[in-house]
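For the numbers below, each heavy atom of this structure counts, side chains included, while hydrogens, waters and symmetry mates do not. A note on names: the letters A, B, ... follow the listed sequences, proteins ahead of strands, and every chain is numbered from 1.
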2 protein chains.
Amino acid sequence: MTGTRDGDVDGVLVALADPTRRAVLDALAVSGPASATVLAAGLPVSRQAVVKHLVVLEAAGLVSGSRLGREVRYQVRPARLTATARWMDSLARDWDERLVAVKRLAEGG
Amino acid sequence: MTGTRDGDVDGVLVALADPTRRAVLDALAVSGPASATVLAAGLPVSRQAVVKHLVVLEAAGLVSGSRLGREVRYQVRPARLTATARWMDSLARDWDERLVAVKRLAEGG
DNA sequence: GCGAGGCGCAACCCTGTGGTTGCACTACGG
DNA sequence: CCGTAGTGCAACCACAGGGTTGCGCCTCGC
């Protein structure tokens, strides 16, 4: 399992690194599917800014948009987020192991 | 628990968003504690660049440096990483719950 | 058909920041 | 004591990217 390739992780991390983007995600999660215009109404930035963020988020796989008539409704997608959380956790475990190993060596085990 | 405040998460995410920074972390994890100069030798950037990255990483709590004579040895710190992984995972669960709720409403439950 | 609401595209500004180089300072080793 | 390895600081460059505005195009409603 975990087809979590480095590119995927990079996209998610870059996407999450921006506070406005996190705000967009938060708004989306709370309000349910919504359009860029609606989202922008509840955020301190313009619609175009929101659109750009949505593009990044969609590229990262954190969000998916589908057209309904003249609107585009965006929806949150938990999968990549979960995958990245896993990646980080296993990375942390890896560090821990190595630290223990180094410590053991240092203590002359 | 979860004393995971938003500021902490932000720092970690910003730190991890840069590929060079991830490379530095990786090198540190693999080689064990090392100085900026040593790290720079194994990376495609200058020592100063590595130093800057280490400053960011240390501010994020992903790394800690301690002075030994004229060297400064940096070490990986898994704690914040684990915490952030947790944060992301619980966020993903939250999204999932909300999606299920929305779906239920849509189906007229 | 026509106005209005919503999107998409493009140009543009400006700050943040990853990167470099150069130099001064400190600590080890002979 | 003096050379050298290692750090720290500062100036500087260049580009990415977050933000804005303006405009043209489609789609819905009357």
Side-chain angles (χ1 to χ4, degrees), chain A residues 6-28 31-76 80 84, chain B residues 6-28 31-76:
Chain A
D6 199 64
D8 297 343
V9 170
D10 180 78
V12 174
L13 290 174
V14 168
L16 290 179
D18 183 78
T20 305
R21 225 128 54 201
R22 288 200 299 273
V24 169
L25 284 173
D26 209 46
L28 255 188
S31 69
S35 69
T37 307
V38 170
L39 287 169
L43 293 168
V45 295
S46 72
R47 174 183 63 94
Q48 282 309 316
V50 173
V51 169
K52 285 193 189 179
H53 286 307
L54 286 170
V55 168
V56 174
L57 290 170
E58 188 164 29
L62 290 172
V63 133
S64 74
S66 55
R67 182 142 215 150
L68 297 194
R70 66 183 161 184
E71 292 190 6
V72 180
R73 301 181 71 102
Y74 287 90
Q75 201 178 181
V76 117
R80 285 285 170 80
T84 307
Chain B
D6 199 65
D8 297 343
V9 170
D10 181 78
V12 173
L13 290 174
V14 168
L16 290 178
D18 183 79
T20 304
R21 225 128 54 201
R22 287 199 300 272
V24 169
L25 284 174
D26 208 46
L28 255 189
S31 68
S35 69
T37 307
V38 170
L39 287 169
L43 292 168
V45 294
S46 73
R47 174 183 65 94
Q48 281 309 318
V50 173
V51 169
K52 286 193 189 179
H53 286 306
L54 285 171
V55 168
V56 174
L57 290 169
E58 187 164 30
L62 290 171
V63 133
S64 74
S66 55
R67 183 140 216 151
L68 299 194
R70 67 183 160 184
E71 290 188 7
V72 181
R73 304 184 70 109
Y74 288 88
Q75 202 180 181
V76 116

Q) Looking at residues at least two apart in the chain, or sitting in another chain, which of them share a salt bridge (Lys or Arg N to Asp or Glu O under 4.0 Å) with D10(B)? A) R22(A)
Between atom [atom1] in [X] and atom [atom2] in [N], what is the gap in whole Å?
X: L43(B); N: dG18(C); atom1: CG; atom2: C1'; answer: 14 Å
X: L54(B); N: dG8(D); atom1: CG; atom2: C1'; answer: 13 Å
X: R22(B); N: dG18(C); atom1: CZ; atom2: P; answer: 12 Å

Q: Using a 4.0 Å heavy-atom cut-off, write out nucleotides 10-30 of chain D from 5' to 3' as B (base contacted by protein), S (sugar-phosphate only) or - (no contact).
A: --------SBBB-----BB--
Let me check something: any side-chain donor-acceptor pairs from residues 49-63 of chain A under 3.5 Å, sequence neighbours excluded? List them with distances.
| from | atom 1 | to | atom 2 | distance (Å) |
| --- | --- | --- | --- | --- |
| H53(A) | ND1 | R21(A) | NH1 | 3.3 |
| E58(A) | OE2 | G65(A) | N | 3.2 |

Q. Nearest heavy-atom pair of L13(B) and L13(A): which atoms, and what distance?
A. CD2-CD2, 4.2 Å
Q. Which heavy-atom pair separates A34(A) from L28(A) by the least distance, and what is that distance?
A. N-CD2, 3.7 Å
Q | Non-neighbouring partners of A23(A) that pass side chain to side chain contact (heavy atoms under 4.5 Å, CB included), sequence neighbours left out | A | L43(A)
